[in-house]
Amino acid sequence: MPESEEGLLTAAQQRLWFLDRLDPGDAAYHISTTSRLRGPLDRDLLTRAYDDATRRHESLRTRFGDHHGVPYQQVQPPRHTPIEYADLSAATDPRAAARVRVEELIARPFDLAQGHLIRIGLLRLSDDEHVLCTVVHHIVGDGWSMNLLYRQITESYRGLEPTAPAVRYLDHAAARAADPTTGLDFWAGVLADPPTLDLPLDRPRPPVRTSAGGVVLREFPGDTLRAVQAATRQLRCTPYMLLVTLYELALAQLSGQDDLTVGTPVAGRDDTALEAVFGYFSGMLVLRADLSGDVTFRDLVLRTRRSFMEAFAHQDIPFEELTARLNLPRDLSRNALFQATFTLHTTMNVSATATDGFGGLAAEAFDSGTPHVKTDVAMDVQLGADAMDVVLTYNSDLFEPATAHALADRFTALLHAVLAEPDARVRELPLVDDGTRAELLRLGTGPDLAPQAPLLARIERVVASTPDAVALRSGNDTVTYRGLWTRSGELADALRAAGVSAGALVGVSVPRGPELVASLLAVWRAGCGYVPIDPGLPAARRDAMVAQAAVAAVLGPDGVAPAATEPAAVPAAAYVLFTSGSTGTPKAVLVGRQALDDRTGWMAADYGLTAADRVVQFAGVGFDTHAEEIWPTLAVGGTLVLLPDGPQSLPELLAADPAVTVLDLPTAYWQALLDVVPAWPAALRLVILGGEQVAAAAVATWRDRHGDRVRLVNTYGPTEATIIATAADLGAADTRRRPPIGRPLAGVRAYVLDRFGRLVPPGAAGELCLAGAGLAEGYLGRPDLTAERFGSDPYGPGLMYRTGDRVRWRRDEPVLEFLGRVDRQLKVRGVRIEPGEVEAVLTGHPDVGQAAVVAVDDTLVGYVTGPVCAEEVRAFAAERLPALLVPSVIVVLAELPLTRNGKVDLRALPPVTIGDEARADYVAPRTDAEALVAGIFAELLPIERAGAHDDFFALGGHSLLATRVIARLRATVDLDLPIRSLFDRPTVAGFADAVEQALVAEIDRLTEEEAAAQLAAAGQGAP
């Protein structure tokens, strides 16, 4: 083969070559034309026409090989191009049979290394009716090329000599390689921190992108087309600019985002000499849509025009270089830069319309079957002579047809509204009609709330009726209702004696145990509201909480200590809890007695709580879940089972107490326990989850073990809504879909709103806003922040709270699905964290200039600038923040990367390996047990190896991972250790010693043969 016949690939070809290596045979990159031909067909003429075409166009006989992983393309000599012929005339339904064959022709893989990447099928339906299908791999052609090929095939069929290409594709590829793109800096600026289009999915996204597709068609008559042309004149834009802006708006309404990207193809033939060349010239531009602000549609079109013109001036996008430059995650499930595309076809596809190109044969479009898609959604608009067709293609592995139809309907409604008033404000464009509005309000309104007696009165009735019943069980100790009431009365008297007046707030800083519950109850009996202050918090944090809440006194283990000289007066307060604040100061959420009365009354009834229940008190009192565990239980006379050693002792409690009936757990902790707890309490009847999204796989695992015997309830609620606001029982259906957060509780109203406060249609994403029973009073001492998050309810009486959470109503079932956050707020192991609060503390260090905080899995990472050492900054934060808010890793940078808008570019922050900053000097494991433990640590933590002195928690471990360590240990050597043993001895050497001691104790109880097998398993070291 002459040397000149082999050449380089263009950047676009290299990308397709790599994608074919990554997922061989993916039909998403097959392009095709399929036509139905009516009239007498000459097969010999057709065959010669294709042979002429492959001889004329080198790309159609090119193969793709590689030299040591570097690809090249090689033109092969002309050869006969076979046409796959099939006679389907005898089939029951020849057209249906042809559709099946066409789908197979299009989906059948190509071998790029073999070349000749064209496939032709000719299907006979009758003497005068055939289907002609031509399939080409995208690496050698594009849409322009397919039209060119079709036109030249018809010319050859009629005996004409088609125009020969004036340029070789190999020469074009060589020229592109010699003239590398100069647009990298431009695109790096435009696409810095690119948004991910987050359309609400109907099915979980597969880990690797799939290409199965579906199609929705909308046809518009000539009147609509003429109205589009008139609107473009009025707006001084092209039809493309108007229509792509409408598409972006439709995507925004469905996703709830005002910053998104859309890919759009360009022909890439900027030289007229290239117009007669079959080859891959087309490229993709990325339009970044800015839909923010209270603007008109005309304003958005102007933004689109500016964005398009800038993008068009920089047509060459070096995708691979850009992905590396922007440090974008390598996500095989989706395109890194856009998940939606838009294409405008201003001339009809010659292969799909009536034409006499074949010399007497009539040609028309033929259904080519299920499409193959490259993105989540794609819109193609075809402008004809007197009509406009909109084809929406969607990934059918992600979306139900109803979702695609809803998006097409969004586009249609927006189109008609804009054509009627091109200067309409975006917030005035249609979202829901009156009927849908009424249905959404009905769905969002919880049942009527039953009247509730005050919570304190309900507890007092229990004390009077069953004084000797066990109220609290803490280890081997029990406290009766009489004893609890007596002790709380003594503490209430002590508060009054110290001068604490009713209506004040009292800090409670008592360790876990019966005294803590009695102290909380005492505050209420003194007519006050309690403010939990964890004695384990840094002193500076405790002092700040005391000052911010203006508590009258602090009740601690040593009695009552006076606090504020001018205490806050908050009549009818139940409690004040602190949550992370975006401004750097924690927010003090004030919850009233009536809100707690209503919520605990609902819980006692819906959960079916009775005096026979034994409920575990898992949550720390700094989290509002404690109120869901403690107060409904005591209000019905049940027994509260305490964990004096903290949450890490729960697995041992579950193994030791078969009478436990109710568990209320953070979702992440429950999911971790599935691998740790071999046997759950025999009496267990109810598990309540909350804090973050439940995984369908975890529900499936749970149901495999328990079926419907144990009720599983998923709840949702911010502190500002008094513990929870929505709930759903999880069942068999939730093992195959994203488990929902349910419907509003009694007395609660829930709305899903866009950024203008409008109800969004079912299936569309919006911000969840809550009103009605259970709403907090606001933020103590922060009227500005209260006014920002609590406003008048536009759809009912009272106030409405904006949660900042993205949700949607499912279309197929009236339940809410949680989709994530509207803002930067993070969730780490179920706890809300405002990065701004942590960043404010870090920048409070005198030598820190800037700070940025992100979450890597379940680990908080802080990036800082300035002449500081990481450990010094972390120690500074640990003196001022709760443990969960202290970054596990601090990275010191010369400067923080910025976007072109001057914001910190979070995606461009350098990646870190959790644990690298906290490693002890490496000492190799010295015993079999140390090797075993080190192997488990290295498997579960993002580190390559663990040494004898490495600390599990210093390396980024936490309580949830600790449960997995215990599970892995059990799976490896069939040994059960209490989780607290890892907390007590967190180094490799320390925990290995605990393992050895347990193994020795276990071996003492085994036969010689069993002992030998156990020792052999332990001696294998890391699994």
Does the pair Ser211 and Asp26 meet the rule for a side-chain hydrogen bond (donor to acceptor under 3.5 Å, both in side chains), with working shown? CA-CA 8 Å; Ser211 58; Asp26 183 2; 3.1 Å; yes

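- Between Arg168 and Glu5 there is a salt bridge, with a side-chain nitrogen of the basic residue lying less than 4.0 Å from a carboxylate oxygen of the acidic one.
- Aromatic ring centres of Tyr240 and Phe308 lie closer together than 6.0 Å.
- Considering OG of Ser255 and CG of Asp376, their distance stands at 11.5 Å, rounded to 0.5 Å.
- Side chain to side chain, Ser89 and Asp87 meet the donor-acceptor criterion of an N or O pair below 3.5 Å.
- A donor-acceptor pair shorter than 3.5 Å cannot be found between the side chains of Arg305 and Thr245.
- A salt bridge does not link Glu310 to Arg288: none of the charged side-chain nitrogens sits closer than 4.0 Å to a carboxylate oxygen.
- For the residue pair Arg218 / His405, a side-chain donor-acceptor distance below 3.5 Å is found, with atom types taken as modelled.
- Remark: Asp386 engages Arg226 in a salt bridge, criterion side-chain N to carboxylate O under 4.0 Å.
- Taking the six-membered ring for Trp and the full ring otherwise, His137 and His30 have centroids separated by under 6.0 Å.
- Applying side chain to side chain contact (heavy atoms under 4.5 Å, CB included) to Thr81 and the options Asp52, Leu60, Ile118 leaves one that passes, Ile118.
- At a cut-off of 3.5 Å, with distance as the only test, a side-chain donor of Arg79 or His116 sits close to an acceptor on the other residue.
- With salt bridges taken as basic N to acidic carboxylate O contacts below 4.0 Å, none links Asp367 and Arg95.
- Salt bridge absent: Glu103 and Arg99 never bring a charged side-chain N and a carboxylate O closer than 4.0 Å.
- Contact of the Pro162 side chain with the Ser156 side chain is registered, since non-hydrogen atoms from C-beta on lie closer than 4.5 Å.
- The residues Arg48 and Asp51 are annotated as not salt-bridged, no charged nitrogen and carboxylate oxygen being separated by less than 4.0 angstrom.
- Ring-plane geometry between His172 and Phe281 is classed as tilted, the angle between the planes lying from 30 to 60 degrees on a 0 to 90 degree scale.
- Under the 3.5 Å distance criterion, with hydrogens and angles disregarded, no donor-acceptor pair is assigned to the side chains of Thr412 and Asp409.
- Aromatic ring centres of Tyr169 and Phe278: separated by at least 6.0 Å.
- The pair Asp290-Arg306 does not meet the salt-bridge criterion, since no charged nitrogen lies less than 4.0 angstrom from a carboxylate oxygen.
- The two atoms that bring Phe366 and Ser35 nearest to each other are CB-C, 4.1 Å, heavy atoms only.
- In this structure, a donor-acceptor pair under 3.5 Å is absent between the side chains of Thr54 and Arg61.
- Ring-centre distance between Phe399 and Tyr394: not below the 6.0 Å cut-off.
- Between Glu364 and Arg38, at least one side-chain N (NZ, or NE/NH1/NH2) sits under 4.0 Å from a carboxylate O, which counts as a salt bridge.
- Between Glu84 and Arg101, none of the side-chain N atoms (NZ, or NE/NH1/NH2) sits under 4.0 Å from a carboxylate O, so this pair counts as no salt bridge.
- Side-chain N/O atoms of Thr210 and Asp397 include a donor and acceptor closer than 3.5 Å.
- For the pair Arg43 and Tyr85, the cation sits on the ring face: its NZ or CZ lies under 6.0 Å from the ring centre, inside 45° of the axis.
- Donor-acceptor pairing under 3.5 Å is lacking for the side chains of Gln73 and Arg63.
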